[in-house]
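The structure under discussion appears below in the form of structure tokens.
In what follows, every chain begins at residue 1, and chains take the letters A, B, ... in the order their sequences are listed. These numbers come from the heavy atoms of this one structure, side chains and all, not from hydrogens, waters or symmetry mates.
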2 protein chains.
Amino acid sequence: MPARSLDRSLIRGLDIFASMQEDDLEAVLEGASARQVPAGTPVFEQGAEAREFFLLLHGHLKVVQTTPDGQQVVVRHVNPGDIYGIAKALRRTDYPATSIAVVDSLTLAWPSSRWDPLVARNPVLATNALQTVGQRLQDAHARIRELSTEEVERRVAHAVLRLVQQAGRKTEEGVLIDFPVTRQDIAEMTGTTLHTVSRVMSAWEAKGLVASGRKRIVVLDPHRLVALADAAE
Amino acid sequence: MPARSLDRSLIRGLDIFASMQEDDLEAVLEGASARQVPAGTPVFEQGAEAREFFLLLHGHLKVVQTTPDGQQVVVRHVNPGDIYGIAKALRRTDYPATSIAVVDSLTLAWPSSRWDPLVARNPVLATNALQTVGQRLQDAHARIRELSTEEVERRVAHAVLRLVQQAGRKTEEGVLIDFPVTRQDIAEMTGTTLHTVSRVMSAWEAKGLVASGRKRIVVLDPHRLVALADAAE
DNA sequence: CGGTGCCTTGAGAATTGTCAACCGCTGTGG
DNA sequence: CCACAGCGGTTGACAATTCTCAAGGCACCG
């Protein structure tokens with residue numbers, strides 16, 4: 001499906017296209033195609049040749065690295081409006097990770113070969129991409145800091161709060177994380193095991209901090225969870 | 001000290017200035033000043049206003065984040081030719097970490113305000129910076145993967161090998177890491193304690209893998225160390 | 001030659017992982 | 001429509017890794 005026919009309101013106002021001319025934006029979209037991604041389906045896979053780069057319009061993806069011995073690590077989540085899979089811009093020929101839809105999603109895709117001409121015509125694109133990647137680098141450093149210095153409970157608290165920020169939806173009960181998340185997912189985000197995550201969250205449940213069930217997490221008392229994440233004890 | 005007087009051979013051939021015109025390069029250097037940084041001295045400090053960005057000409061820096069409770073994490077090392085402290089390009093007003101010289105070093109510095117005009121005149125700069133930051137993001141993800149899935153000994157092995165790659169110098173004995181590194185430094189790179197690092201390296205010493213002493217590490221058998229880092233024992 | 005900084009090593013404790021068993025949804029096919 | 005398979009979750013017991021606390025030694029600098 002060509003992207004021209006897309007609702008412009010989806011596109012305008014995305015960070016990556018900030019301060020671009022109307023007709024330049026049209027030209028950018030010219031080269032894109034839109035694609036439906038059912039939940040559980042990969043958009044691209046680790047090690048595959050990086051033929052395309054992407055922009056998420058709707059839904060949620062997780063980006064996962066798999067170690068040689070099969071363990072998985074969730075590198076980050078992709079939210080609507082994010083660009084991803086821009087391996088070519090980083091001078092890589094293959095994707096360093098796999099991206100999988102966690103809910104039914106809609107993405108734009110451009111051929112990787114389009115990146116250089118696009119940037120040539122719209123230098124602001126490189127600047128915006130630099131800011132985006134820079135933000136991700138800082139997020140990554142924050143996670144390194146957490147993994148290095150915090151114990152499991154605080155890491156899990158940070159991970160849950162990050163999910164709340166990215167996909168929190170207010171309900172009567174509290175803040176619901178608006179896509180399916182398993183204990184295993186949280187474990188892969190925090191460098192621990194699903195068993196430990198389960199124990200931690202059971203304890204929180206007993207204290208009235210969260211309510212959770214199958215693939216579902218509701219934060220009942222964000223304030224106390226923040227306190228737990230930030231301070232010791 | 002103005003940068004104009006610098007030896008051009010130091011500058012030419014740096015990744016960040018790849019495919020720039022001669023006179024553009026001159027203009028870039030116009031705005032820079034050179035600065036001597038004695039070992040142990042910070043170039044900039046975490047939380048300070050980001051007035052400048054930098055390029056390392058000679059020496060080695062470590063980039064450190066300090067947690068609220070005083071623990072330190074080594075985020076990365078800066079090698080000659082690297083740009084660093086480009087907080088403004090990432091739309092930050094302050095530095096997210098402290099950078100400290102580990103040996104006497106020489107750096108160029110530009111006022112942060114110069115970044116935007118420089119990029120406007122030399123769009124390739126943004127592209128090159130994007131690649132650099134992209135590479136760092138991948139390095140950071142690799143570390144996240146290690147911290148999440150590997151146990152201490154392998155993490156330390158990876159850290160030492162990374163140092164070898166960045167600053168290894170062949171000697172008769174083996175490969176010397178060419179700047180002072182303490183057990184504490186390695187601990188801050190791998191998310192463990194100096195005690196555990198000391199034990200691990202003592203064991204390696206006994207097996208003839210490395211020779212190490214005060215602030216000094218020589219890898220005697222890189223091949224076996226790689227094997228240790230990659231495979232599960 | 002004294003002091004400070006870096007390194008080593010031991011003993012015991014704490015966190016977290018491993019192994020195992022079991023529960024209860026959920027959704028699918030007969 | 002019901003039964004059942006399979007996935008996700010929970011919990012206990014135990015083991016292992018790693019940290020904490022403590023003491024002491026050695027090398028380098030002033």
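Among D:dT11, D:dC19, C:dT8, the nucleotide with an atom closest to any side-chain atom of A:Arg199 is D:dT11. When distances are taken from the side chain of B:Thr192 to each of D:dG8, C:dT9, D:dT18, the shortest belongs to D:dT18. The side chain of A:Arg214 approaches D:dG6 more closely than any other nucleotide in the set C:dT16, C:dT18, D:dG6. Listed nucleotides: D:dC19, D:dA13, C:dT8. Nearest to the side chain of B:Arg183: C:dT8. Comparing D:dT11, C:dT8, D:dT18 by their nearest atom to the side chain of A:Ser202 picks out D:dT11.
One interatomic measurement links the two molecules: CD of B:Glu205 to P of C:dT8, which rounds to 7 Å at whole-angstrom precision. Rounded to whole Å, the distance from CG on B:Leu147 to P on C:dG17 is 13 Å.
Under the 3.5 Å distance criterion, with hydrogens and angles disregarded, no donor-acceptor pair is assigned to the side chains of B:Gln65 and A:His141. Checking B:Gln184 against B:Glu188 by side-chain atom types alone, a donor-acceptor pair falls below 3.5 Å.
Using a 4.0 Å cut-off between charged nitrogen and carboxylate oxygen, B:Glu146 and B:Arg162 count as a salt-bridge pair.
OP1 or OP2 of C:dT8 sits under 4.0 Å from a side-chain N or O of B:Ser198.
Of all heavy-atom pairs spanning B:Ile186 and B:Thr190, the tightest one is O-OG1, 2.8 Å.
If you check distances only, the side chain of A:His195 does reach the base of D:dT11 with a donor-acceptor pair under 3.5 Å.
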